[in-house]
Q: 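The structure is given below, and queries will be raised subsequently.
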Number of protein chains: 2
Amino acid sequence: MKTDTRLSDILHILLHMAERDSPVTSETLSQIMRSNPVVVRRIMAGLRKAGYVRSKKGHGGGWSLATDLAHITLADIYIAIGSPSLIKLGFRNVAPGCLVEQAVNGALESSFREAEALLLRRFHEITLKQLSEDFHLRFEDARNIEKA
Amino acid sequence: MKTDTRLSDILHILLHMAERDSPVTSETLSQIMRSNPVVVRRIMAGLRKAGYVRSKKGHGGGWSLATDLAHITLADIYIAIGSPSLIKLGFRNVAPGCLVEQAVNGALESSFREAEALLLRRFHEITLKQLSEDFHLRFEDARNIEKA
DNA sequence: TTTAATGTAATTTTATATGTTACATGAAAA
DNA sequence: TTTTCATGTAACATATAAAATTACATTAAA
């Protein structure tokens, strides 16, 4: 089963947007993403609904940030994309009356919940500002290595 | 994205097998699983390799447990099925040279690892014996309710 | 020697995510 | 005001991976 890179994709887009001061088109973002403008619009539509980005139609239009990155956490974005289950493993739900199934699911459920809660706590602790600063550090490092 | 119910499925099969004292055919297991005998054989092949079950061909053949359930943990089974990633979310890996991608992945990676480690610790704590006992408790409860 | 089981490769089907097309809408520029 | 460039979105197509099925070899008991 493939992993879902949507959260990672969105963070990628937002951090790239933070480096520009004029609206960025879906076309440009799709090139950065190596994806498709319509796919980008679909992703961004959710973020717009949550108030993190704005879109502008027509000439000179495109997408821009609507919120200071310091005030957006990974948890915010996670919630904006619909809080998808974080755990890849799931429960059989073939015969809910089956007592074996109930026993197995009961044991797995509490472990899954704990792990999800931990992950969400970490997500609440990380702002997009931090990620952006991390990027800038890497950028400077790369420049210094180039010079040397 | 769908969740992977393989671990749950296998636990289900093993617990059902524990209730029988003669070999169970793939056909029977596939009915319990609402799946297919060949799929069952594929799943069981991994468990046999790990030494948890035995198979017998021909008349009266089928699958049986090779190890005391008290000595098998959820972690053992998880490892036997190839230690698949436990976290549904993944990293973009479109442009590994991209510093934005690196910054994002770095932040996600440590959180994912923490959550995976927690889940695995829980898996080590739970034996199939415990699950089986839980099932028998539920079974007795159901009988008592029926009588009353 | 027939029947019943597993073992496994090859193929088909299905589900889902992703990508694409088409066209409506809106806004700026010519 | 008309053209161009952008988003918005529904409908459709494609790609990919998981699951199921088919086919047939192997093995063992009746």
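Sequence lines set the chain letters: A, B, ... in the order given, protein chains first and strands last, and positions in each chain run from 1. FYI, side chains are in, hydrogens and waters are out, and symmetry mates aren't considered; it's all heavy atoms of this structure. In this text the structure is predicted, and so the values were computed from the model without any measurement.
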Q: Reckon A/Ser35 has a side-chain N or O less than 4.0 Å from the OP1 or OP2 of C/dT18?
A: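 The answer is no; no side-chain N or O of A/Ser35 sits under 4.0 Å from OP1 or OP2.
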Q: Would you say the side-chain atoms of B/Thr127 and B/Gln130 include a donor-acceptor pair closer than 3.5 Å?
A: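 Side chains of B/Thr127 and B/Gln130: pair found under 3.5 Å.
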Q: Can you measure A/Glu27 atom CD to C/dT20 atom P for me and round it to whole angstrom units?
A: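 Those two atoms, CD and P, are 11 Å apart.
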Q: Specify the separation, in whole Å, of atom CD1 of A/Ile13 and atom C1' of D/dT7.
A: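 Taking atom C1' of D/dT7 as the reference, CD1 of A/Ile13 is at 15 Å.
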Q: Go through it in stages, so that I can follow the logic: the residues are A/Leu89 and A/Phe112, the test is side chain to side chain contact (heavy atoms under 4.5 Å, CB included), and I'd like the CA-CA distance, side-chain angles, deciding distance and then a yes or no.
A: CA-CA 8 Å; A/Leu89 300 181; A/Phe112 290 174; 3.6 Å; yes
Q: Treat primed atoms plus P, OP1 and OP2 as sugar-phosphate and everything else as base, then score nucleotides 22-30 of chain C 5' to 3': B for base contact with protein heavy atoms under 4.0 Å, S for sugar-phosphate contact only, - for none.
A: ---BBBBS-
Q: So which of B/His12, B/Arg20, B/Glu19 actually passes side-chain hydrogen bond (donor to acceptor under 3.5 Å, both in side chains) with B/His16?
A: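 The residue from B/His12, B/Arg20, B/Glu19 that satisfies side-chain hydrogen bond (donor to acceptor under 3.5 Å, both in side chains) with B/His16 turns out to be B/His12.
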Q: Would you say A/Arg42 reaches C/dG19's phosphate, i.e. side-chain N/O to OP1/OP2 under 4.0 Å?
A: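 Answer is no, no contact under 4.0 Å.
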Q: Strictly by modelled atom types, are B/Ser8 and B/Thr5 linked by a side-chain donor-acceptor pair under 3.5 Å?
A: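 Per modelled atom types, B/Ser8 and B/Thr5 side chains form no pair under 3.5 Å.
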Q: Rounding to a whole Å, what distance do you find between A/Ile43:CD1 and D/dG8:P?
A: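 Value for this atom pair: 14 Å.
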Q: Could you tell me whether the phosphate oxygens of D/dA6, OP1 or OP2, come under 4.0 Å of any side-chain nitrogen or oxygen in A/Thr25?
A: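 No, A/Thr25 has no side-chain N/O under 4.0 Å of OP1/OP2 on D/dA6.
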Q: Is it the case that more than 12 heavy atoms not belonging to B/Arg122 sit under 6.0 Å from its CZ atom?
A: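 Atom CZ in B/Arg122 is packed in, count exceeds 12.
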Q: B/Val24 or A/Asn36: which one's nearest nucleotide on DNA chain C is closer to the 5' end?
A: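 Between the two, 5'-proximity favours B/Val24.
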Q: To the nearest angstrom, how far is A/Met44 atom CE from D/dT9 atom P?
A: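 After rounding, the reported distance stands at 14 Å.
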Q: When all nucleic acid strands are considered with a 4.0 Å heavy-atom cut-off, which category describes B/Arg6: base, sugar-phosphate, or nothing?
A: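 It contacts sugar-phosphate atoms only.
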Q: Send over the distance from B/Arg34 CZ to D/dT21 P, rounded to a whole Å.
A: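 So the CZ-P distance, B/Arg34 to D/dT21, works out to 15 Å.
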Q: Rounding to a whole Å, what distance do you find between B/Asp4:CG and D/dA19:C1'?
A: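 Atom CG in B/Asp4 sits about 12 Å away from atom C1' in D/dA19.
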Q: In whole angstrom, give the distance that lies between atom NZ of A/Lys88 and atom C1' of D/dA17.
A: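 That distance rounds to 12 Å.
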Q: Report the distance from atom CH2 of A/Trp63 to atom P of D/dT7, rounded to the nearest whole Å.
A: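 So the two atoms are 7 Å apart, to the nearest Å.
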Q: Is it the case that the side chains of B/Ser26 and B/Trp63 hold a donor-acceptor pair, with the cut-off being a distance below 3.5 Å and no angle test?
A: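 Side chains of B/Trp63 and B/Ser26: pair found under 3.5 Å.
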Q: Charged N to carboxylate O under 4.0 angstrom, A/Asp9 versus B/Arg92?
A: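 Counted as a salt bridge, because a side-chain N and a carboxylate O are separated by less than 4.0 Å.
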Q: By nearest atom, which of the nucleotides D/dA20, D/dT7, C/dT18 is closest to the A/Ser55 side chain?
A: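 Of all the options, the side chain of A/Ser55 is nearest to D/dT7.
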